[in-house]
There are 2 protein chains.
Amino acid sequence: MAVRRGVPKAGLSREKVLDAALDQIDAHGLPALSMRKLGAQLGVEAMSLYRHVPNKEALLDGLVDRVMETAFANLGEPAGDDWTSWLRTFAHSLRSALLAHPGVLPLVATRPVNSPDALRMSERWLAAMRAAGLPLGRALDVVNVIAMFTIGHTLAEVGQTPGHEGTEPDLDQRSGDLDPAEFPNLLEVIATRAGLDFDSRFAQAVDILITGYAGLTEVALDPGQQGAEGR
Amino acid sequence: MAVRRGVPKAGLSREKVLDAALDQIDAHGLPALSMRKLGAQLGVEAMSLYRHVPNKEALLDGLVDRVMETAFANLGEPAGDDWTSWLRTFAHSLRSALLAHPGVLPLVATRPVNSPDALRMSERWLAAMRAAGLPLGRALDVVNVIAMFTIGHTLAEVGQTPGHEGTEPDLDQRSGDLDPAEFPNLLEVIATRAGLDFDSRFAQAVDILITGYAGLTEVALDPGQQGAEGR
DNA sequence: GGACTCATGCTTACAGCGTAAGCACAACCT
DNA sequence: AGGTTGTGCTTACGCTGTAAGCATGAGTCC
């Protein structure tokens with residue numbers, strides 16, 4: 001049996017390390033995260049962290065898993081057989097989770113999600129969507145496409161340089177540099193803010209994707225069988 | 001006038017520095033790029049690079065611009081007034097450009113594109129799409145959504161850890177760990193490879209997005225969401 | 001009790017990083 | 001010629017991730 005020997009001196013643990021790292025990133029941005037500073041925040045030397053995390057890369061992977069798990073946690077089990085509304089919820093829940101920790105987003109975009117929880121979640125979703133009538137391959141396609149789009153969109157939204165706010169789409173800052181004769185449309189965009197609303201743009205694109213895939217599966221089966229999928 | 005004074009000793013230039021950096025990243029991955037190694041590859045000390053680039057961040061920005069410019073260069077001017085096919089071409093051209101330099105992709109995803117060329121290109125596209133009948137806001141939406149999706153999809157495609165290949169969707173590597181009773185669908189995915197073809201998935205999703213937006217402009221010349229007013 | 005095991009956290013040390021500051025030189029202009 | 005300027009090198013600083021080894025104290029077993 002696994003006998004519990006030796007007890008923490010400073011109450012450190014993998015979970016606490018991850019929590020602290022997330023705090024640090026939320027507060028000061030991803031580039032400001034170093035093992036020494038992280039240790040300092042926990043009242044501990046940098047090397048002590050290596051008892052709970054094999055290296056910094058693994059720590060970052062852990063952060064990705066953690067953020068993804070919150071996206072799933074707010075989600076629950078897919079209920080009913082209207083997969084289109086599950087997916088919409090999933091997309092928005094994922095975006096919320098990503099926006100809650102913008103500093104981690106580049107990591108999420110860049111490394112695989114390996115957590116067992118995520119695997120279990122994928123399995124359950126695939127099962128549910130098949131049960132709702134989608135072919136396996138198509139089910140995987142929709143989920144992946146929604147996830148990839150959400151990540152791409154949120155990356156653009158959170159904006160560029162990690163650890164730097166810039167709530168405005170940064171086009172504004174150089175609107176002064178733009179020659180009105182050469183860039184009339186860009187200037188009109190800035191002036192009217194047409195097409196600059198991330199919320200509605202995201203919702204609209206997700207709807208388009210979902211109804212598009214729904215249309216695919218309808219036609220592929222016999223017309224009239226699956227019926228209404230609209231919103 | 002700009003008088004050319006002082007001539008390079010080792011024939012260095014901003015362009016050559018960017019070229020070398022791109023080579024280095026293509027060959028050994030993004031994390032392996034350091035100013036010292038880059039200098040060494042150019043037969044020069046690290047500090048010499050700072051005569052041509054203000055700092056490493058700016059160098060990375062330059063790489064992003066460069067890759068984006070190749071995407072535009074393979075594209076040409078939008079011709080005719082079928083904006084749907086321009087956009088499809090744009091999406092695939094962007095994906096090719098990104099796939100050509102996978103190591104740069106995390107940078108593209110993470111920092112703004114500031115190059116004047118990109119601005120000019122945006123302006124021209126907006127003008128052309130308006131001329132083809134799209135409201136300004138919608139035109140910007142479609143282009144942005146396509147770009148964001150392409151970046152998100154390609155990020156997932158190129159895979160995770162930068163500087164590491166892994167052509168297989170890395171699910172394979174742990175297929176042995178999966179309990180067939182618990183993960184029947186995931187295992188079927190791995191076995192049949194259903195939904196694992198990046199090329200066709202990307203093409204399909206892009207088509208769905210474009211025809212979705214095309215449908216919007218057809219149907220809704222006035223019942224659009226909040227901002228959709230004609231011109 | 002005493003001995004042993006072992007997880008924990010600290011200390012020290014090293015190689016590598018980005019880059020600030022200042023110097024030496026070569027090419028050009030006047 | 002003298003001055004100016006662009007170029008590249010040298011040195012140095014503070015920071016990074018982490019390898020290696022040690023001290024401590026809690027827990028188990030005799």
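In the text below, chain A, chain B and the rest are named by the order of the sequence lines, each starting its count at 1. Only heavy atoms go into these numbers, but all of them, side chains included; no hydrogens, no water, no symmetry mates.
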Looking at B:Thr89, is its backbone amide N or carbonyl O close enough to the side chain of B:Ser93 to form a donor-acceptor pair, meaning the two atoms are under 3.5 Å apart? no

Nucleic acid footprint by protein, nucleotides 9-15 of chain D - heavy-atom cut-off 4.0 Å, B for base, S for sugar-phosphate alone: BBB----

B:Glu57 CD to C:dG18 P: how many Å, rounded? 11 Å

Of all the heavy-atom pairs spanning A:Arg201 and A:Leu196, show the shortest one and how long it is. NH2-CA, 4.4 Å

For the pair B:Thr70 (side chain) and B:Val67 (backbone), establish whether a donor and an acceptor sit closer than 3.5 Å, ignoring hydrogens and angles. yes

May I have the distance from B:Leu49 (atom CG) to C:dG18 (atom P), rounded to whole angstrom? 10 Å

Quickly work out the B:Gln24 CD to C:dC17 P distance and round it to whole Å. 10 Å

Base, sugar-phosphate alone, or nothing: which one does A:Leu33 contact when heavy atoms must sit under 4.0 Å apart? sugar-phosphate

Please report, rounded to the nearest Å, how far the P atom of C:dC23 is from the OH atom of B:Tyr50. 21 Å

Give, for atom CG of B:Leu105 and atom CG of B:Leu30, the distance between the pair rounded to the nearest 0.5 Å. 10.5 Å

What is the distance, rounded to the nearest whole Å, between atom CE of A:Met35 and atom P of D:dT16? 11 Å

Is there a side-chain contact between B:His52 and the phosphate of D:dG6, meaning an N or O under 4.0 Å from OP1 or OP2? no

A:Ser34 side chain near A:Gln24 side chain, heavy-atom distance below 4.5 Å: no

Using atom CZ of A:Arg14 as one end and atom C1' of C:dT8 as the other, report the distance to the nearest whole Å. 17 Å

Quick one: is the NZ or CZ of A:Arg95 closer than 6.0 Å to the six-membered ring centre of A:Phe202, and within 45° of its axis? yes

